[in-house]
Novice: 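One structure is given below, represented as structure tokens, and several questions about it will come after.
Chain letters run A, B, ... following the sequence lines, proteins first, then strands; residues in each count from 1.
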Amino acid sequence: GEQVEQRPPHLSVREGDSAVITCTYTDPNSYYFFWYKQEPGASLQLLMKVFSSTEINEGQGFTVLLNKKDKRLSLNLTAAHPGDSAAYFCAVRGDTNAYKVIFGKGTHLHVLP
Amino acid sequence: GGIITQTPKFLIGQEGQKLTLKCQQNFNHDTMYWYRQDSGKGLRLIYYSITENDLQKGDLSEGYDASREKKSSFSLTVTSAQKNEMAVFLCASSPPGSQNTLYFGAGTRLSVL
């Protein structure tokens, strides 16, 4: 079945620096991709979702890049600030089972002031 | 807007005990999920339910039962708690046409003595 590898597990950056989190997946039929953010003590909230036809999506302070050829999904926080300190999870949904969403193991990001 | 309410927030059990976790959502979503979150292991799917009275096993269903008697509620039972087990159980729901975008509850933190 689908496997999702997320790197790095922990990341510390200084305020104003960029932070990049990457996920690779195995199922070439994967079609929908998600990034969730979990702030300390809180539950997961959707940050962004991207589809197979989307390569780059820009949000507020971050960019998501999908490379289907390499089966790679990345989240790039530009100019990180302390409020970005959280756990980030990528998630992948294949096309064969519409209800199974497979999560990466998460990245704990710490933004130092 | 809606909310997913999980009860209890904290659950302390004894080894071998049967424990039930409850989840209610007022989004009127059809699909509901139970995930287990362990430190360093990400989220793993235990059970999901496409509609009322439907149950589907996830990758981690052994040792658990689930029940979806109403559209708005989805409960999870740990059939025999394991000693020193510690995890957070997350309930989620998903609206139709959202490509399985997940809306999460705040979680139930389980500790087994």
Novice: To the nearest 0.5 Å, what is the distance between CG (B/Asn100) and OH (A/Tyr99)?
Specialist: 7.5 Å
Novice: Distance from A/Tyr32 atom OH to B/Ser98 atom OG, nearest 0.5 Å?
Specialist: 10.0 Å
Novice: Let's test your reading of the structure: which of B/Leu45, B/Ile4, B/Asp59, B/Val88 forms the most heavy-atom pairs below 4.5 Å with chain A?
Specialist: B/Asp59
Novice: So if you build clusters from Ile, Leu, Val, Met, Phe, Trp, Tyr with side-chain heavy-atom gaps below 4.5 Å, do B/Leu113 and B/Met86 land together?
Specialist: no
Novice: Shared ILVMFWY cluster between B/Leu19 and B/Tyr35, side chains joined below 4.5 angstrom?
Specialist: no
Novice: Under 4.5 Å from any heavy atom of chain A, what part of B/Thr31 do you find: side chain, backbone, both or neither?
Specialist: side chain
Novice: Any sub-3.5 Å donor-acceptor pair from A/Lys105's side-chain atoms to B/Leu43's backbone N or O?
Specialist: no
Novice: With the side chain counted from C-beta on, respond yes when A/Val101 and B/Tyr48 share a heavy-atom pair under 4.5 Å apart, and no when they do not.
Specialist: no
Novice: Is it true that, when you exclude A/Gln3 itself, more than 12 heavy atoms of the residues, nucleotides or ligands shown sit nearer than 6.0 Å to its CD?
Specialist: no
Novice: Is A/Gln38 close to chain B through its backbone or its side chain, or both, or neither, when contacts mean heavy atoms under 4.5 Å?
Specialist: side chain
Novice: Just wondering, are more than 12 heavy atoms of other shown residues or ligands nearer than 6.0 Å to CD in A/Gln45?
Specialist: no
Novice: For residues B/Ala106 and A/Ser43, report the shortest heavy-atom separation together with the two atoms involved.
Specialist: CA-CB, 3.8 Å
Novice: What distance separates B/Tyr103 OH from A/Leu44 CG, expressed to the nearest 0.5 Å?
Specialist: 14.0 Å
Novice: Tell me which of these, B/Arg44, B/Arg109, B/Lys41, has more heavy-atom pairs under 4.5 Å with chain A than the rest.
Specialist: B/Lys41
Novice: Is B/Gln56 close to chain A through its backbone or its side chain, or both, or neither, when contacts mean heavy atoms under 4.5 Å?
Specialist: neither
Novice: Starting from A/Leu109, can I reach A/Val64 by hopping between I/L/V/M/F/W/Y residues whose side chains sit under 4.5 Å apart?
Specialist: yes
Novice: For B/Tyr33 and A/Lys100: C-alpha separation, side-chain torsions, deciding distance, then whether side chain to side chain contact (heavy atoms under 4.5 Å, CB included) applies.
Specialist: CA-CA 10 Å; B/Tyr33 303 79; A/Lys100 268 197 162 181; over 6 Å; no
Novice: Around atom NZ of B/Lys22, are there more than 12 heavy atoms from other residues, nucleotides or ligands closer than 6.0 Å?
Specialist: no
Novice: Quick check on the hydrophobic clustering: are A/Leu75 and A/Ile102 connected, directly or via other members, by side-chain heavy-atom contacts under 4.5 Å?
Specialist: yes
Novice: If a pair satisfies disulfide bond (SG atoms under 2.5 Å apart) and one of its residues is in residues 38-80 of chain B, list it, with sequence neighbours excluded.
Specialist: none
Novice: Can any side-chain N or O of A/Tyr36 pair as donor or acceptor with the backbone N or O of B/Leu102 at less than 3.5 Å?
Specialist: yes
Novice: Examine A/Phe103 and B/Trp34 and state if one hydrophobic cluster contains both, with Ile, Leu, Val, Met, Phe, Trp and Tyr joined whenever side-chain heavy atoms are less than 4.5 Å apart.
Specialist: no
